[in-house]
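Residue numbers start from 1 in every chain, and the chains themselves are labelled A, B, ... in the order their sequence lines are given, proteins ahead of strands.
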Number of protein chains: 2
Amino acid sequence: MSDSGLRERKKQQTRTALIDTALDLFLTQGYETTTVDEIAAAVNVSQRTFFRYFATKEEVALACFVETEHAFFAEFMLRLDHEAPFAALCTAWRTIMQTTILSNTERSQRFRKSVRLAEMSPILFAGNLRRNLKVGKQLADAIATRWGIDPEADPRPILIVEFFWAAVRVGTGLCIHPDTTDLEELSTRIDETLAIAGEALRFGWDTPPVQQAESSGAIS
Amino acid sequence: MSDSGLRERKKQQTRTALIDTALDLFLTQGYETTTVDEIAAAVNVSQRTFFRYFATKEEVALACFVETEHAFFAEFMLRLDHEAPFAALCTAWRTIMQTTILSNTERSQRFRKSVRLAEMSPILFAGNLRRNLKVGKQLADAIATRWGIDPEADPRPILIVEFFWAAVRVGTGLCIHPDTTDLEELSTRIDETLAIAGEALRFGWDTPPVQQAESSGAIS
DNA sequence: CTAGTATATGTCAGCAGCTGACACTTAATG
DNA sequence: CATTAAGTGTCAGCTGCTGACATATACTAG
């Protein structure tokens, strides 16, 4: 419908140009001290045009997380049918990491820069948290639907997802902070943290309720 | 040194006035659509003065969380010596909830408004996440110190704290969303969610490592 | 009580993020 | 080639936020 036209190609081109130069500028001179005008000027584009591509300055920094999230969600849905939720989240995540990040494409380069950025700037980190939260709700809804329970009343689906995100964040933070920014280091650290988190969670906790008579009576 | 002077009293007065009118305006007409000028005008104060009290518009909305956090941290530290971390977090939280929120003082009113606000506006929610994160690091550091481990290398302290925050957030969300904004409802729901989370976490997982020979070899 | 000092506030100018409106250029379509 | 639609630039303007300077008000010493 709208593929491979000259127009579309140009659009994609300026979009990636904006992302790349923005990431580089952010990394070299800081996120908050870099103005949108600078980015736009570096791509020979007006500031107004920038904001037609990205609603906010934050969006350009976290842009490449969006597609990854979509892929992740799809992967998760594939596994949800025959895996426990937490395990499905972990394996889906690992898969996405392998295909998206560990490959040495331009996309993976961008992704790594974004990860570093999000770890450096508290604002970007918070923005990323917001994204996680949004996707998390969708994931939790999927789990709840699979289990046939009400996601608004039963905390377990969201808890599972939040635990998972927590582990991912902690793993990422551990990897970035100390020294290395290796590709595999990141993946390994997150895997380790996920493993610890998974070990912490009681066996069977993230499995469907085979027979639940009470709504929330599993306490005490 | 600086208590109970006329000046100090006035300052405190305008500060609380700013908070209260800000919260009311935010709740009635939305956070983002309310301008700082409106708030300042409603308190008969210049916009510049507003920003001398609060660094950002966000800060006034989440102001009353700060003191609560301090109290929470202090409570936690008291219990860390003779309780497992996750349990200490839960009991400390419950204590703070009892004394700060369930009491029907003006402070509790403000707190409830802030909770509702933070649940309504994604931006404020993210801001709150950032605060949680910051306090979380301090809490994790305390746990790591108590355990005699390196918080930058071992993910468990941060994981414990993040799991706790996740449960608190989920519980709060469950309570706010459906209907009631009861005082006790909030506390009860969070307690329930914390109980579920606590049940999910394996017994002994958040206890100090009595003999750890390997650094991260607990992974199957 | 008065004079002097410190502190809080107001005013003003200005920057950065972001948006609507309008005009212009350029690619797509017949 | 002419028409249409889409992308872009320019401009004006709002909101959040800050520095600089002047003014008013509370504290303090004599």
Side-chain angles (χ1 to χ4, degrees), chain A residues 1-19 21-23 25-26 28-63 117 121-128 130, chain B residues 1-19 21-23 25-26 28-63 117 121-128 130:
Chain A
M1 176 207 268
S2 65
D3 231 2
S4 82
L6 206 175
R7 210 171 242 166
E8 195 64 22
R9 255 182 295 140
K10 269 195 174 180
K11 245 172 60 178
Q12 222 53 31
Q13 187 178 324
T14 59
R15 185 185 149 84
T16 58
L18 281 173
I19 294 180
T21 57
L23 288 179
L25 285 175
F26 290 159
T28 53
Q29 50 182 313
Y31 171 73
E32 316 202 27
T33 53
T34 303
T35 69
V36 174
D37 297 79
E38 283 182 274
I39 304 170
V43 191
N44 285 317
V45 158
S46 78
Q47 188 218 45
R48 192 64 183 88
T49 294
F50 174 94
F51 282 112
R52 277 195 260 258
Y53 279 89
F54 305 99
T56 65
K57 179 179 160 187
E58 184 184 296
E59 196 172 305
V60 72
L62 306 175
L117 256 179
S121 160
I123 295 183
L124 289 181
F125 195 93
N128 208 20
R130 263 171 48 199
Chain B
M1 178 210 265
S2 66
D3 231 2
S4 81
L6 206 175
R7 206 172 246 166
E8 196 64 23
R9 254 181 297 140
K10 270 195 172 179
K11 245 172 59 177
Q12 221 54 29
Q13 186 179 324
T14 60
R15 185 184 148 84
T16 57
L18 281 173
I19 294 180
T21 57
L23 289 179
L25 284 176
F26 290 159
T28 53
Q29 49 181 313
Y31 171 72
E32 316 200 29
T33 54
T34 303
T35 68
V36 174
D37 297 78
E38 283 181 272
I39 304 170
V43 192
N44 285 318
V45 157
S46 80
Q47 188 218 45
R48 192 65 183 86
T49 295
F50 174 93
F51 282 112
R52 276 193 261 257
Y53 280 88
F54 304 98
T56 65
K57 180 179 160 187
E58 184 184 295
E59 195 174 305
V60 72
L62 306 175
L117 255 179
S121 161
I123 296 184
L124 289 180
F125 196 93
N128 208 21
R130 265 172 47 200

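In this structure, the side chain of A:Glu38 engages the main chain of A:Thr35 through a donor-acceptor pair within 3.5 Å. At least one donor-acceptor pair under 3.5 Å links the side chain of A:Tyr31 to the backbone N or O of A:Glu58.
Between C:dT9, D:dG19, C:dG20, one nucleotide has an atom nearer to the side chain of B:Thr14 than all others, and that is C:dT9. Of the candidate nucleotides D:dC27, D:dC11, C:dG17, C:dG17 has the atom nearest to the side chain of A:Lys57. Minimum atom distance to the side chain of A:Thr35 is reached by C:dG17, of the listed D:dG7, C:dG17, D:dT18. For A:Thr56, counting side-chain heavy atoms from C-beta on, the closest listed nucleotide (C:dG17, C:dC18, C:dC12) is C:dC18. Picking from C:dG17, C:dG10, C:dA28 the nucleotide with the shortest atom distance to the side chain of B:Thr49 gives C:dG10. Of the candidate nucleotides D:dT10, D:dG16, C:dA27, C:dA27 has the atom lying nearest to any side-chain atom of A:Lys10. Set against D:dG9, C:dT19, D:dT18, the side chain of A:Arg52 has D:dG9 as its closest nucleotide. Across D:dC17, C:dG17, D:dA26, the shortest atom-to-atom separation from the side chain of B:Arg7 is found for D:dA26.
Once rounded to the nearest 0.5 Å, the distance linking CG of A:Leu23 with OG1 of A:Thr28 reads 10.5 Å.
Residue A:Arg48 places a side-chain atom within donor-acceptor reach of the base of C:dG20, judged by atom type and a 3.5 Å distance cut-off alone.
Under 4.0 angstrom from either OP1 or OP2 of D:dT8 there lies at least one side-chain N or O belonging to A:Tyr53.
A:Thr33 comes within contact range of no nucleotide atom at all, as no heavy-atom separation falls under 4.0 Å.
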